[in-house]
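Structure, as structure tokens:
These values consider heavy atoms only, across backbone and side chains, with no hydrogens, waters or symmetry-generated copies. Positions are given from 1 along the sequence.
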Amino acid sequence: TTEIYTLSLHDALPICGKCLEALEAKLSPPKAGDEKNSDKLGMKADSLTNEVYALIAFAENAKVLFNRDVDGKGALIASVTLRGEFQDKGIMTMYKEFLTDAFNGKYANSTQKMFDNLQKLSLVLGLVPEEVASIHDELGSQIIRRFLGRTLQSGSIGEQEHEFLDEIKRTLDLPQSKVDKLVKEQKGQCVSNLIETMFSPGGSFKAEDVQKVRDTAAEFRVNLIDDLELPTFRLEKMFLAELEDLVDTAQITPENSDA
């Protein structure tokens, strides 16, 4: 009955409390002397992950999580949840950090186990699909922006990079339109960074620098006017740098200037 399930889940409150303690430790700065036994975020390795696994195992053993036939398909159901027992911000942050740890996993087997338990964790915590989607969107955007920021500095997006983006999209159930928007955004940011470097105090402003900007924009299909809304005075300065180079290299002379 619901009463039995509620009583069982009530017994899980100390376990969830330990999850939140591990979460707080993870998000806190490391104390002096803890560096050897902690990760860079200030928590003992795997402590949050282990506490989450304990919470999920308790829910399964208490029969709080079970499969039910819904519209002819098997679906995992939580009879009751921990929603309302803890602050919403805490349980949402717990889910997000567990998901972050999954992406930071060093070993394929342990990483896959964490991904396989995401749905169970969201059900036990009482997260609704919209909240899960919001967390996936936020974290996925961070991962893709960081990945593309490094990738585009060294060249275009190749087959291997596309495979990585597809994996992120599948894992987090991101719409293709979202991924395409992030790719376009980061390509534009890459071109913008080149322009800002060129116009910065002490920056190199030669014809080859302008050409690099134009080549990169063409490769990434970024329009300097429509996409980046580059001011007219910057466009004019870039044009003058190219024009002066043509004159200096005698590619434009009084004899052919009318051509």
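Side-chain contact between L55 and E51 is absent, with no heavy atoms from C-beta onward closer than 4.5 Å. Side-chain contact check for I168 versus F147: every heavy-atom pair is 4.5 Å or farther apart. Counting heavy atoms from C-beta on, the side chains of H136 and Y95 come closer than 4.5 Å.
Closest approach of E219 to S156, counting heavy atoms only: OE2-CB, 3.0 Å. Taking all atoms of both residues into account, the shortest heavy-atom contact from S204 to M198 is O-CG, 3.3 Å. Closest non-hydrogen pair, A207 versus A241, comes out as CB-O, 3.9 Å. A78 approaches L65 most closely through the heavy-atom pair CB-CD2, 3.9 Å. Between L194 and K212 the shortest heavy-atom distance is CD2-CE, 4.1 Å.
In this structure, the separation between CG on L165 and CD on Q176 is 9.0 Å, given to the nearest 0.5 Å. Note that CZ of F164 and CG of L148 are 9.0 Å apart. Values are rounded to the nearest 0.5 Å. Atom-to-atom distance recorded for L174:CG and R170:CZ is 11.5 Å, nearest 0.5 angstrom.
Connection of I225 to V222 is established within a shared hydrophobic cluster, with ILVMFWY side chains joined at heavy-atom distances below 4.5 Å, either directly or through further cluster members.
Using a distance-only test at 3.5 Å, with no hydrogens or angles considered, no donor-acceptor pair links the side chain of E138 to the main chain of I135. One N or O on the side chain of S122 and one on the backbone of Q119 form a donor-acceptor pair closer than 3.5 Å. Checking side-chain atoms of D209 against main-chain N and O of K206 turns up a donor-acceptor pair under 3.5 Å. Formation of a donor-acceptor pair under 3.5 Å by the N193 side chain with backbone atoms of Q189 is found in this model. Checking side-chain atoms of S134 against main-chain N and O of E131 turns up no donor-acceptor pair under 3.5 Å.
We find that R234 and E229 are not joined by a salt bridge, their nearest charged nitrogen and carboxylate oxygen being 4.0 Å or further apart.
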